[in-house]
Amino acid sequence: MGKIMKTGKVVIVLSGRYAGRKGIIMKSLEEGTNDKQFGQAIIAGIQRYPRRVSRKMSKAKVHKNCRIKPFVKIFNYNHLMPTRYNVSDLSIDNKYTIKDLKDPVKRKKIRFQIRMRLEDRFKCGRNKWFFSKLRF
Amino acid sequence: MVTQKKQKKALESINSRLALVMKSGKYCLGYKQTLKTLRQGKAKLIIIANNTPHLRKSEIEYYAMLAKTGVHHYNGNNIELGTACGKYFRVCTLSITDAGDSDIIRTLPEAQTGGN
């Protein structure tokens with residue numbers, strides 16, 4: 001009888017522009033906020049997945065293919081499908097709040113931070129399932 | 001013949017336990033609410049009727065696996081499950097959040113591994 005939506009859990013977005021994309025729960029707001037009282041979570045996800053890399057490719061091409069375009073968005077729990085996978089200790093500064101996400105400059109900074117962390121994780125070769133595109 | 005009789009007896013006992021939960025415990029009827037209780041970790045037992053769509057059944061089982069909650073596949077369709085809950089509508093999934101006086105949570109998962 002445990003809570004499912006914990007930070008670090010890999011989640012599949014079910015509806016909206018990012019439907020079918022995988023994401024990680026950065027922060028879960030079980031009771032929502034004052035003006036939106038439903039379960040929500042701040043998700044950092046992948047908008048454009050990294051492409052496949054092979055041994056024959058040149059260094060420049062590998063660098064280009066490993067790029068990830070992330071998104072950061074608040075989702076209603078109903079629009080997420082939790083999975084059994086976890087992306088543990090992605091050292092992203094968790095101190096940002098929903099208000100920070102509303103500021104476009106801060107949002108861009110957060111997105112850049114997420115992008116750097118995700119690309120590092122991808123190049124390490126860990127969490128392979130998370131970085132593979134969900135085919136449907 | 002013997003298994004039929006055994007199934008019928010098991011079904012009656014589940015029905016009586018469910019009736020006790022309806023009277024004394026807390027429960028949530030319906031797909032959306034059972035998912036809510038599963039996400040919050042409040043569900044103690046999930047009961048699914050046998051004619052729920054397979055995709056929905058798998059989805060609820062997956063959620064229950066993540067939440068480490070037991071799932072019982074009720075031996076009857078949604079009409080029968082609704083009647084067993086004492087309601088005049090159909091119930092495909094229900095989640096028990098507080099069993100009250102009933103022992104349904106303790107006894108049911110064992111019965112499931114036995115042979116429902």
Just to be sure I understand the criterion: a residue of residues 92-100 of chain B counts if one of its heavy atoms is under 4.5 Å from a heavy atom of chain A. Which ones qualify? none
Any donor-acceptor N/O pair, B/Tyr62 side chain to A/Thr83 backbone, under 3.5 Å: no
Count the heavy atoms of every other residue, nucleotide or ligand shown that sit under 6.0 Å from [atom1] of [X], and state whether that count exceeds 12.
| X | atom1 | answer |
| --- | --- | --- |
| A/Asp35 | CG | yes |
| A/Arg111 | CZ | yes |
| A/Lys123 | NZ | yes |

Linked, directly or transitively: [X] and [Y] (ILVMFWY side chains, under 4.5 Å):
| X | Y | value |
| --- | --- | --- |
| A/Phe38 | A/Ile25 | no |
| B/Ile48 | B/Ile79 | no |
| A/Leu101 | A/Ile46 | yes |
| A/Tyr85 | A/Val87 | yes |
| A/Phe122 | A/Val62 | no |

NZ/A/Lys3 to CG/B/Leu66 distance, rounded to the nearest 0.5 angstrom? 15.0 Å
How long is the straight-line distance from CZ of B/Arg39 back to CD of A/Glu30, given to the nearest 0.5 Å? 10.0 Å
For A/Met116, what are the other residues in its hydrophobic cluster, where any two members join if their side-chain heavy atoms are less than 4.5 angstrom apart? A/Phe112
Residues which pass side chain to side chain contact (heavy atoms under 4.5 Å, CB included) with A/Arg21, listed by chain and number, not counting sequence neighbours: A/Tyr18, A/Tyr49, A/Phe71
Heavy-atom distances under 4.5 Å only: say whether B/Ala67 touches chain A with side chain, backbone, both or neither. both
Between A/Ile4 and B/Gln40, is any pair of side-chain heavy atoms under 4.5 Å apart? no
Expected contact set for residues 73-80 of chain A against chain B at heavy-atom separation under 4.5 Å reads A/Tyr77, A/Asn78, A/Leu80
